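Quick notes on the structure that follows.
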Amino acid sequence: MNGPAPMEVLRQHLIDPEICIRCNTCEETCPVDAITHDSNNYVVKAEVCNGCMACISPCPTGSIDNWRTVLKSRAYSVEEQFTWDELPAQNTTASAALDYPAQAGADTNATDATDATDNPDENPEGIDVDTVRGSTLPPWSAVKPYVNLYTHKQPLAATVVGNYRLTGESTASDIHHVMLDFGTTPFPVVEGQSIGILPPGTSKDGKTHHARQYSIASPRDGEREGYNNLSLTVKRVTQDHRGNVADGVCSNYLCDLKKGDKVNVIGPFGSTFLMPNHPNSHLLMICTGTGSAPMRAMTEYRRRRRLKGATGKLMLFFGARTKEELPYFGPLVNLPKDFIDTTLAFSRTAGQPKRYVQDAMRERATDVGQMLRDDNTFIYVCGLKGMEDGVLQALRDIAVQNGIEWDPLWRALKREGRLHLETY
Ligand code: A2P
C-alpha cells in the first residue's frame, strides 16, 4: 500500500495590507512581474514569485516583507489576497510540515530565503543588480532613518500651519505647499523620505480610505529651521490617468486644508532614496512637477549646510509644462549659481518647441558627463513614470559620448546606492 502523498510546502510571499501604502514601488521593481494590485490591495502571485528579494528594500514601509509557510496546493490566490484587510495567521499544518514556529501571525525572516550566489554584481542583500533599474540600497553615508513610527492603527495628528498655492492662478496645475507641525511629538525625518496621509471618510464600499504617500519637501531640521514641522508638495488631482474627470480623494483634501486643521499622518517611510551625508558628495537631481519635493528637501539641507562647509556640487534638471506651472520657480531661480547648477525644461511654452528634462540633460552632456565620471556623484530621479526610460537613455547616451562604458557604470551606480529612481 502507498503511503500518504508528500506535502509540498511553499514559503509564500505576501504583502501586509494594513501597512502597505499602495505606492506601486514593489510592482515596478519586481523583475518577474509577480506583483499586481486592484483597488483594494497589492498582492503577490505565488506561482510567479521566485523569492529574488528585489522588492524588499525599495518598499518604503516594510509591508512587503511577509512570509507564510503554506501547503503548495493551498497557496493563497491573488483573488483571496485582494479581499484581505489583514494578513492571515500562520497556518499550523504547513508550518509543522517544515518545523517552523506556528504562532499566530508569525513572520519568518525574509532574508533566510535568499540563496547566496557568487555573482560579483550582487549587493550585500544578495540582489542581482542586473534585475533592478535603480539602487535598492541607500548611499553609504546616508543617516539611518526612522520608519513606521506611526501606523494606520496609531496615526499622529499634525496641525496645518500653512497651505498656499505654488503655481500661477491662471494655470490648470493647482500645486500646493502644505506645512504640517507635530508640536512636541517626535516625528524624525530625513530628506528623500515620505509620509502617509489618512484622508477622512470612507470609500464607496464603506471602507476607510487607504493612506496616500507624499514625499517630504523640507529638510530634516524642519521646513522652518529648528522646528518640528515639514512640508509637502501636493498637486490637486482632477482627472484619472485616462483624462476622465476624477477628483483625487487625498490631494483635494490636502489642497483645501486651512491653518489649524488636524491631519492624520503615518510613517515616516523610505530607507533607500536618501541623500549622502558626506558634505563633498555631488547630487545630480532630475525631476518633473511634484517630483521636485525631495530635490527641494536635499537642496535646502545642502544650502543650510553649505554655510557649515559642504562643498559638493549640485546639478538640477527640472521639467514642467510652463514656468508658471513649475513649483518653487521663484525661490529656485534665486539660488546662487555657484551653489546649484539648474536647468529648466518647459514642454508647453507658447512659441517654443517641447522640451523635456532628458533633452536639457543632452544639451549639458559635457557637464553631466563630468559628474558621471566622479564616483562621488549620487543621482536622483523623481516625477512622472514616463520620464524614467527617457532619463536612463539620456544618461546612457551622455556616458557613451563622454567615453564612459554605460553598463559597468550603471551596475556600479546601483550597487553603490548612487542611482535612485522614484516615479509614479
Ligand atoms: P507634457 O507637456 O508632455 O505633459 P505634469 O505637469 O503633468 O506633472 O508634467 C510635468 C512635466 O513632465 C511636463 O512638462 C510634462 O510634459 C513632462 N513630461 C511628460 N512626459 C514626460 C516624459 N516621458 N519624459 C519627460 N518629461 C515628461
Side-chain angles (χ1 to χ4, degrees), residues 23-24 27-28 133-134 164-178 194 212-217 231-252 254-255 273 284-297 299 315-333 342-365 368 379-399 410 419-424:
C23 65
N24 206 50
E27 195 171 317
E28 268 169 36
R133 310 189 90 198
Y164 61 87
R165 184 172 166 137
L166 292 166
T167 42
E169 288 296 335
S170 60
T171 67
S173 305
D174 185 9
I175 302 180
H176 281 238
H177 186 68
V178 179
S194 57
R212 304 301 202 278
Q213 186 192 12
Y214 293 92
S215 287
I216 298 165
S231 60
L232 306 175
T233 315
V234 183
K235 182 173 184 178
R236 189 188 293 277
V237 174
T238 52
Q239 37 180 247
D240 64 19
H241 286 295
R242 280 183 227 101
N244 302 319
V245 175
D247 286 338
V249 171
C250 199
S251 67
N252 279 274
L254 286 171
C255 288
F273 192 110
L284 174 55
M285 301 173 279
I286 303 143
C287 63
T288 57
T290 54
S292 56
M295 314 310 181
R296 180 181 184 271
T299 303
M315 190 172 198
L316 171 71
F317 292 91
F318 191 168
R321 296 175 188 187
T322 61
K323 119 182 175 344
E324 291 74 25
E325 287 168 275
L326 185 130
Y328 310 111
F329 179 80
L332 187 59
V333 294
T342 300
T343 309
L344 307 177
F346 298 119
S347 57
R348 302 190 197 182
T349 302
Q352 303 272 317
K354 197 180 190 70
R355 195 154 163 267
Y356 280 169
V357 279
Q358 51 271 39
D359 303 321
M361 289 167 69
R362 286 198 165 86
E363 287 162 19
R364 302 283 316 272
V368 175
I379 306 173
Y380 298 84
V381 181
C382 188
L384 294 178
K385 177 91 206 114
M387 76 188 279
E388 197 174 297
D389 281 344
V391 168
L392 285 174
Q393 190 57 50
L395 287 172
R396 171 190 293 270
D397 294 346
I398 291 167
W410 192 20
L419 176 62
H420 296 279
L421 311 173
E422 200 164 276
T423 57
Y424 37 81

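What you see is a predicted model; the values in this text were computed from it and never measured. For ligands, and for the atoms within them, numbers begin at 1 and follow the listed sequence.
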Minimal non-hydrogen separation, T288 against F318, with atom names: C-CE2, 4.3 Å

Which atom of F273 lies closest to which atom of P294, heavy atoms considered: CE2-CB, 3.8 Å

Pairs of donor and acceptor atoms involving the side chains of residues 344-353, under 3.5 Å and at least two apart or interchain, shall be tabulated with distances.
none

Atom of I216, atom of A297 and distance for their closest heavy-atom approach: O-CB, 3.7 Å

Qualifying salt bridge (charged side-chain N to carboxylate O under 4.0 Å, His left out) pairs with a residue from residues 320-332, counting only residues at least two apart or across chains: none

Can you give me a line-by-line list of nitrogen or oxygen pairs between ligand 1 and the protein shorter than 3.5 Å?
residue	atom	partner	partner atom	Å
ligand 1	2 (O)	S347	OG	2.6
ligand 1	2 (O)	R348	NE	2.6
ligand 1	2 (O)	R348	NH2	3.4
ligand 1	3 (O)	K354	NZ	2.8
ligand 1	3 (O)	Y356	OH	2.5
ligand 1	4 (O)	R348	NH2	2.8
ligand 1	6 (O)	R321	NE	2.9
ligand 1	7 (O)	R321	NH2	3.0
ligand 1	14 (O)	A320	O	3.0
ligand 1	14 (O)	R321	N	3.3
ligand 1	14 (O)	S347	OG	2.6
ligand 1	16 (O)	S347	OG	3.0
ligand 1	23 (N)	G386	O	3.1
ligand 1	24 (N)	Q358	NE2	3.1

Y214: partners by ring-ring contact (aromatic ring centres under 6.0 Å, His included), with sequence neighbours left out: none

